[in-house]
Student: 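Please find one structure pasted underneath; my questions will follow.
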Amino acid sequence: MSAFPVQSPPSSSSTKSSAWSPFYAALSPFTSTYNRFSQWRSDLALPSPGSIENLQKEVKSTHLTNFIFDGARADLTKTLSANPAFQVTHSFSLASQTAPSSYNFGAVFANEQVFMQGGVDHEGSVNCRFNRGWSANNVTKMQAQLSSQAGHNMIQLEHDYTGRDYNINAKAINPSPADFSGIYVGSYLQSLTRNLALGFETMCQRPTPEMTEIATSYVAKLTSTDKSWIATALLQQPGILQATYWQKLSEKVEVAADLQVIAASTRRDAVATLGAKWDLRMSTFRAQLDSTGKVSALLEQRFAPTFAFIIGGEIDHFKNAAKIGVGVMIESSTLTPEEMGMPVPPQPPSYP
């Protein structure tokens, strides 16, 4: 038996750990600071601010800008499946003052991870959307438009990440891998308190490899604690300010205001818009008034779960012009009441 103890050689893991120890020691102040900052943010329990793209979602839902139309229109929708959701739509538009008569065939498919929407009109123009949710926080989006007219083709690639108290979005419009021309947009929105969120959006336009234009916009969002009102501000270069305010007065009434101010060297202008929306049991009514002399209203009356009638109108007092639009929406389904989730009335007993 040997009088001297036999020492085993040091393991490779202990050798690597001792070699990286000075590096870890140098980073220790930074990691500890980051951990304290993360713990401080976790203790604040800040809410998610949403994305800059949806900054004015409530105001746009209350105002008529995305809903008003003129002429006659009809939307015929047929639901083919509930899970996954699959439906097709035939849309007709006639006698419009601003656009010729048109027909569009569209289809929608959606499940828990994928959303697909596509349409083709009577001229052969195709538009489509594709959303893929990788997780609850990561969503990749794609939009495309193909047309026989020059300059009307477009493709947009986008990725959206929603953190615990922030949102990051990056998109590319008509990107060219060869010379990196196109439009590139990146945005970041961060909650500073439970009611205030600040962020920015930077746009880089490269129509040609030799020409690059960069513009940055700054945004602010103020939300009440009970989510009953939201105020936003968007400052664009050069000298363009847009401020909005939305408030939910009751379960059925919402009001919204929008102010756009242009204070550029070549143009000075301002437009204010006030709107309201009433959600009744079987109908929705919207009304809007702006500083350019336009008064508009839209009524969507649903007589049955599968049939709705729409009528809207706009009067421009300064231009002495008016337009009116009427439409119908008809929905049909091949699903049974059980598949649609509707209650089935009890059947009377049968007697021999």
Side-chain angles (χ1 to χ4, degrees), residues 57 60-133 141-147 251-252 254 277-286 296-313 323-348 350:
K57 179 181 64 175
K60 294 178 180 179
S61 175
T62 304
H63 284 175
L64 275 75
T65 306
N66 297 330
F67 301 94
I68 194 68
F69 66 97
D70 65 329
R73 56 177 290 186
D75 296 327
L76 311 178
T77 302
K78 187 176 185 64
T79 301
L80 303 176
S81 173
N83 188 20
F86 180 52
Q87 66 179 27
V88 296
T89 303
H90 303 271
S91 300
F92 303 88
S93 178
L94 303 172
S96 174
Q97 298 179 7
T98 58
S101 300
S102 63
Y103 164 77
N104 185 279
F105 173 79
V108 175
F109 175 86
N111 56 24
E112 296 180 355
Q113 292 84 24
V114 176
F115 172 83
M116 293 187 294
Q117 181 183 22
V120 57
D121 62 14
H122 66 285
E123 295 181 346
S125 299
V126 178
N127 62 84
C128 62
R129 293 176 56 193
F130 175 81
N131 295 358
R132 177 64 165 89
K141 306 176 183 179
M142 187 274 290
Q143 298 184 37
Q145 179 178 335
L146 304 177
S147 175
E251 291 296 327
K252 298 181 179 181
E254 301 175 8
K277 182 179 76 167
W278 289 265
D279 286 319
L280 306 178
R281 187 175 67 89
M282 294 289 290
S283 62
T284 300
F285 179 74
R286 291 178 173 89
S296 53
L298 183 72
L299 173 64
E300 179 182 336
Q301 177 68 52
R302 188 168 290 275
F303 296 99
T306 59
F307 177 75
F309 177 76
I310 306 173
I311 181 170
K323 60 182 181 180
I324 188 172
V326 294
V328 294
M329 293 190 303
I330 302 175
E331 301 178 8
S332 64
S333 176
T334 58
L335 306 178
T336 62
E338 295 88 343
E339 293 174 330
M340 298 178 62
M342 299 175 58
V344 179
Q347 300 294 330
S350 59

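These values consider heavy atoms only, across backbone and side chains, with no hydrogens, waters or symmetry-generated copies. Throughout, numbering of the chain's residues begins at 1 and tracks the sequence.
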Student: If every non-hydrogen atom of Gln117 is compared with every non-hydrogen atom of Val108, which pair is closest and at what distance?
Tutor: CG-CG2, 3.9 Å

Student: Hey, could you give me the OG1/CE distance between Thr306 and Met329, rounded to the nearest 0.5 Å?
Tutor: 11.0 Å

Student: Output, in order, the C-alpha distance, side-chain angles, deciding distance and verdict of side-chain hydrogen bond (donor to acceptor under 3.5 Å, both in side chains) for Asp121 and Ser102.
Tutor: CA-CA 7 Å; Asp121 62 14; Ser102 63; over 6 Å; no

Student: Among all residues two or more places apart in sequence or in another chain, which pass the side chain to side chain contact (heavy atoms under 4.5 Å, CB included) test with Ile68?
Tutor: Leu64

Student: Using a 4.5 Å cut-off on heavy atoms from C-beta on, say whether the side chain of Phe67 contacts that of Arg286.
Tutor: yes

Student: Kindly indicate whether the side chain of Gln87, heavy atoms from C-beta on, has any atom under 4.5 Å from the side chain of Leu80.
Tutor: no

Student: Any side-chain heavy atom of Phe69 sitting closer than 4.5 Å to one from Ile310?
Tutor: yes

Student: Using side-chain heavy atoms (C-beta onward) and a distance below 4.5 Å, is Met116 in contact with Val114?
Tutor: yes

Student: Any side-chain heavy-atom pair from Val326 and Asp70 closer than 4.5 angstrom?
Tutor: no

Student: Assess whether side chain to side chain contact (heavy atoms under 4.5 Å, CB included) is satisfied between Val88 and Leu76, documenting all intermediate values.
Tutor: CA-CA 8 Å; Val88 296; Leu76 311 178; over 6 Å; no

Student: Using the ring pair (Phe, Tyr, Trp, His ring centres under 6.0 Å) criterion, which residues pair with His90? Sequence neighbours excluded.
Tutor: Phe105

Student: What pair of heavy atoms forms the shortest contact from Ser61 to Lys277, and how long is it?
Tutor: OG-NZ, 3.5 Å

Student: Once side chain to side chain contact (heavy atoms under 4.5 Å, CB included) is applied, do any residues pair with Leu280, and if so which ones, sequence neighbours excluded?
Tutor: Ser283

Student: Work out which heavy atom in Ser147 is nearest to a heavy atom in Ser125; give both atom names and the distance.
Tutor: OG-OG, 3.4 Å

Student: Any non-hydrogen side-chain atom of Arg129 less than 4.5 Å from a side-chain atom of Asn131?
Tutor: yes

Student: Report yes if some heavy atom in the side chain of Gln113 is under 4.5 Å from a heavy atom in the side chain of Arg132; otherwise report no.
Tutor: yes

Student: When rounded to the nearest 0.5 angstrom, what is the spacing between OG1 in Thr62 and CD in Glu254?
Tutor: 4.5 Å

Student: Enter the distance from Ser332:OG to Lys78:NZ here, rounded to the nearest 0.5 Å.
Tutor: 4.0 Å

Student: Holding to ring pair (Phe, Tyr, Trp, His ring centres under 6.0 Å), I want the full list of residues that pass it with Phe86, two or more places apart in sequence or in another chain.
Tutor: none

Student: With sequence neighbours excluded, tell me which residues meet ring pair (Phe, Tyr, Trp, His ring centres under 6.0 Å) with Phe130.
Tutor: none

Student: Atom CE in Met142, atom SG in Cys128: separation rounded to 0.5 Å?
Tutor: 4.5 Å

Student: Sequence neighbours excluded, which residues qualify as ring pair (Phe, Tyr, Trp, His ring centres under 6.0 Å) partners of Phe309?
Tutor: none

Student: So, for Leu298 and Gly312, which heavy atoms are closest and what is the spacing to 0.1 Å?
Tutor: CD1-CA, 3.6 Å

Student: Kindly give the heavy-atom pair with the smallest separation between Met282 and Ala304, and that separation in Å.
Tutor: CE-N, 4.1 Å

Student: Got Arg302 and Glu300 here, is their nearest side-chain heavy-atom distance under 4.5 Å?
Tutor: yes

Student: Kindly indicate, with the supporting measurements, whether the criterion side chain to side chain contact (heavy atoms under 4.5 Å, CB included) is fulfilled by Thr284 and Trp278.
Tutor: CA-CA 6 Å; Thr284 300; Trp278 289 265; over 6 Å; no

